[in-house]
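Please read all numbers here as calculations on a predicted model, not as lab measurements.
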Amino acid sequence: MLIRRHKIRIALIANSDLAVFHWRGGLIKELVSRGLDVTVVAPDGKYVSKIEKLGVKYIPVPVSRFLNPLGDIAFFLRLYYIFRKNRFDLVHTMSVKPNVYGTIAAWLARVDRIVCLLSGTGFAFADLPGIKQKLLRWFVTWLYRVALRVSDRAWFQNPDDLDYFFKKRIIQGNKGVVIRGSGVDTLEYSKASVSNKERSSLMKELQLPEKAHCVLMVVARMIWSKGIREFLEAASILKEKHPEWFFILVAPVDQGTPDAVSESDIELFQKNECVRIIKMFRHDIKVFEAISDIMVLPSFYPEGVPRVLIEGLAMSLPLITTNRPGCKETVKHGKNGYLIPPQDTSALVKKLSILIQDKNKRKEFGDYSRLMAEKEFDEKIVLERVIKEVYGI
């Protein structure tokens, strides 16, 4: 239990200012509302000023996304210096590099409590072929063994990841706790929270007919392992039988990843008249969700619990996703959606066909999704558990 007579000082360590603002904003607001002194340590970017307006300090520290020995050493040393200088009571790391380098640096700096968030196991644990992938997995596994040995608590977002880490002896004892996802504000995310004007404006931008139906897929990066090929192939198969249905893919281009979708592939799929591909990050994802009838994420990437699927629950959407760790946490098969095998386009087409042809089932599934969001994934419920079970406050 973390108890201090002075104001508790917490540092949140991340690899992206965008991720902090959009996916950890609720956590920051909750910590600040409780009178805690919060500092964010992450790369510089255009969201820094917005994060600071939440009532926190911001220390910019560069970190490379991919393996970079010199850059990683510099990142580690900068974190150690920051921890020694600021004397935080608690350090909370997020994503792979902050988790491994930040945790060890915090331990060496004698921070009282060190916790980390594993929102999915990450690219190193993806089911990809090649000796480089195997070496990367071995290296990251070794780093995690060291980091989790000196940490106080590790927050996993699904039970499969914790079970995997335990079986591989990456984590030991009872340090791991499962809290599914990061939650969403169910008041902010609801069908009623989006105006007709916002809906109409987006429909016009996407050049969609007034009575169009939409299947939506949103991913953080344009990479194949998110199931992009399966989604776009399903659209091609279904377009002739259901011409009034449109398939929307919102996925920022990410050419730095070996698994990235190429520009030529994107151009090829864009020739399909029933497909709309948005190749950039959008701040109005909620409006995309509001104009959609079905949400799809046929991912086989090592997910935590995808934020977009939790948003889909809150926005009363039926979901179709894979029976993979993380994704399957959001679907009760046959009640609010369907679970399909990964990399199975025919299964995706089959389940989409059922929902496309059955308006009542879409409504029934959507209502159940909303109920799940309120009872299991509401941000207030999740954050209360994080502060109590992970932070020990």
Side-chain angles (χ1 to χ4, degrees), residues 11-20 24 39-45 47-48 58-86 88 91-111 114-152 154-156 161 164-165 168-172 220-225 252-260 301-304:
L12 306 179
I13 320 300
N15 64 356
S16 164
D17 61 314
L18 182 151
V20 170
R24 310 299 167 213
T39 299
V40 173
V41 181
D44 201 358
Y47 295 93
V48 172
Y58 197 101
I59 301 177
V61 174
V63 55
S64 58
R65 283 180 54 199
F66 304 107
L67 191 62
N68 181 344
L70 292 178
D72 293 347
I73 292 171
F75 177 59
F76 170 80
L77 292 175
R78 288 189 182 101
L79 291 181
Y80 176 75
Y81 172 77
I82 291 168
F83 297 156
R84 290 285 292 176
K85 180 181 178 181
N86 290 274
F88 297 112
V91 164
H92 180 182
T93 63
M94 310 168 187
S95 72
V96 178
K97 287 193 178 183
N99 280 346
V100 295
Y101 298 122
T103 295
I104 297 170
W107 177 71
L108 290 173
R110 298 185 178 182
V111 173
I114 307 164
V115 302
C116 54
L117 165 62
L118 289 92
S119 52
T121 51
F123 180 77
F125 295 90
D127 296 327
L128 298 176
I131 187 66
K132 288 185 178 180
Q133 183 69 12
K134 291 181 180 179
L135 288 173
L136 176 63
R137 181 178 303 177
W138 174 87
F139 181 60
V140 173
T141 296
W142 179 80
L143 285 174
Y144 259 128
R145 279 200 182 100
V146 176
L148 293 177
R149 185 178 295 274
V150 300
S151 68
D152 294 288
W155 166 18
F156 290 80
D161 287 348
Y164 176 84
F165 269 53
K168 294 293 183 180
R169 298 183 180 179
I170 304 172
I171 191 171
Q172 297 178 350
R221 292 176 291 153
M222 185 82 78
I223 55 177
W224 291 119
S225 53
V253 173
D254 183 14
Q255 297 300 342
T257 304
D259 192 28
Y301 185 83
E303 307 280 2

(message) Does Leu136 form a side-chain contact (heavy atoms from CB on, under 4.5 Å) with Lys132? I'd like the steps, not just the answer.
(response) CA-CA 6 Å; Leu136 176 63; Lys132 288 185 178 180; over 6 Å; no
(request) Compare every heavy atom of Ser16 with every heavy atom of Pro43, then report the nearest pair and how far apart it is. (result) CD-N, 3.7 Å
(request) Working to the nearest 0.5 Å, report the span between CD1 of Ile171 and CG of Leu118. (result) 7.5 Å
(message) Has Asp152 got a side-chain atom pairing as donor or acceptor with Ile114's backbone, closer than 3.5 angstrom?
(response) yes
(message) Whether the side chain of Asp44 engages the backbone of Pro60 through a donor-acceptor N/O pair (distance < 3.5 Å, no angle test) should be reported.
(response) no
(request) Quick one: closest heavy-atom pair of Ala147 and Val100, and the distance? (result) CB-CA, 3.8 Å
(message) Take a 6.0 Å sphere around CH2 of Trp107 and say whether it holds more than 12 heavy atoms from other residues, nucleotides or ligands.
(response) no
(message) So which atom in Pro98 and which in Ala14 form the shortest heavy-atom distance, rounded to 0.1 Å?
(response) CG-C, 3.9 Å
(request) Would you confirm whether Arg145, through its side chain, and Arg169, through its main-chain N or O, come within 3.5 Å as a donor-acceptor pair? (result) yes
(request) Kindly indicate whether the side chain of Val96, heavy atoms from C-beta on, has any atom under 4.5 Å from the side chain of Val140. (result) yes
(message) If we ignore hydrogens and angles and just use 3.5 Å, is the side chain of Lys97 paired with the main-chain N or O of Asp72 as donor and acceptor?
(response) no
(request) Measure the spacing between CD of Glu303 and CG of Asp161 and express it to the nearest 0.5 Å. (result) 10.0 Å
(request) Name all residues meeting the side-chain hydrogen bond (donor to acceptor under 3.5 Å, both in side chains) criterion together with Thr39; count only those two or more places apart in sequence or in a different chain, and write none if there are none. (result) none
(request) Give me the ring orientation class for Phe88 and Phe83: parallel if the planes are under 30° apart, tilted from 30 to 60°, perpendicular past 60°. (result) perpendicular
(message) Measuring from atom SG of Cys116 to atom CE of Met94, what distance do you get when rounded to the nearest 0.5 angstrom?
(response) 10.5 Å
(request) Would you please name every residue forming a side-chain contact (heavy atoms from CB on, under 4.5 Å) with Arg78, sequence neighbours left out? (result) Val61, Pro62, Ala74
(message) List the residues meeting salt bridge (Lys or Arg N to Asp or Glu O under 4.0 Å) with Asp254, not counting sequence neighbours, and say none if there are none.
(response) Arg65, Arg221
(request) Given side-chain contact (heavy atoms from CB on, under 4.5 Å), test Asn86 with Ile59 step by step and report yes or no. (result) CA-CA 11 Å; Asn86 290 274; Ile59 301 177; 4.1 Å; yes
(request) Please name the pair of heavy atoms, one in Leu148 and one in Ala154, separated by the smallest distance, quoted to 0.1 Å. (result) CD2-CB, 3.9 Å
(request) For Arg149, look at atom CZ and say whether over 12 heavy atoms of other residues, nucleotides or ligands are found less than 6.0 Å away. (result) no
(request) For Ser225 and Asp259, work out which heavy atoms get closest and say how close. (result) OG-OD2, 2.5 Å
(message) To the nearest 0.5 Å, what is the distance between CG on Asn99 and CD1 on Ile13?
(response) 10.5 Å
(request) Mind checking the OG1-CZ spacing from Thr103 to Phe76? Nearest 0.5 Å is all I need. (result) 11.0 Å
(request) First locate atom CD1 of Ile73, then atom CG of Asn68, and finally report the distance between them rounded to the nearest 0.5 Å. (result) 9.0 Å
(message) Can you give me the closest heavy-atom contact between Leu143 and Tyr101, atom names plus distance?
(response) CD1-OH, 3.9 Å
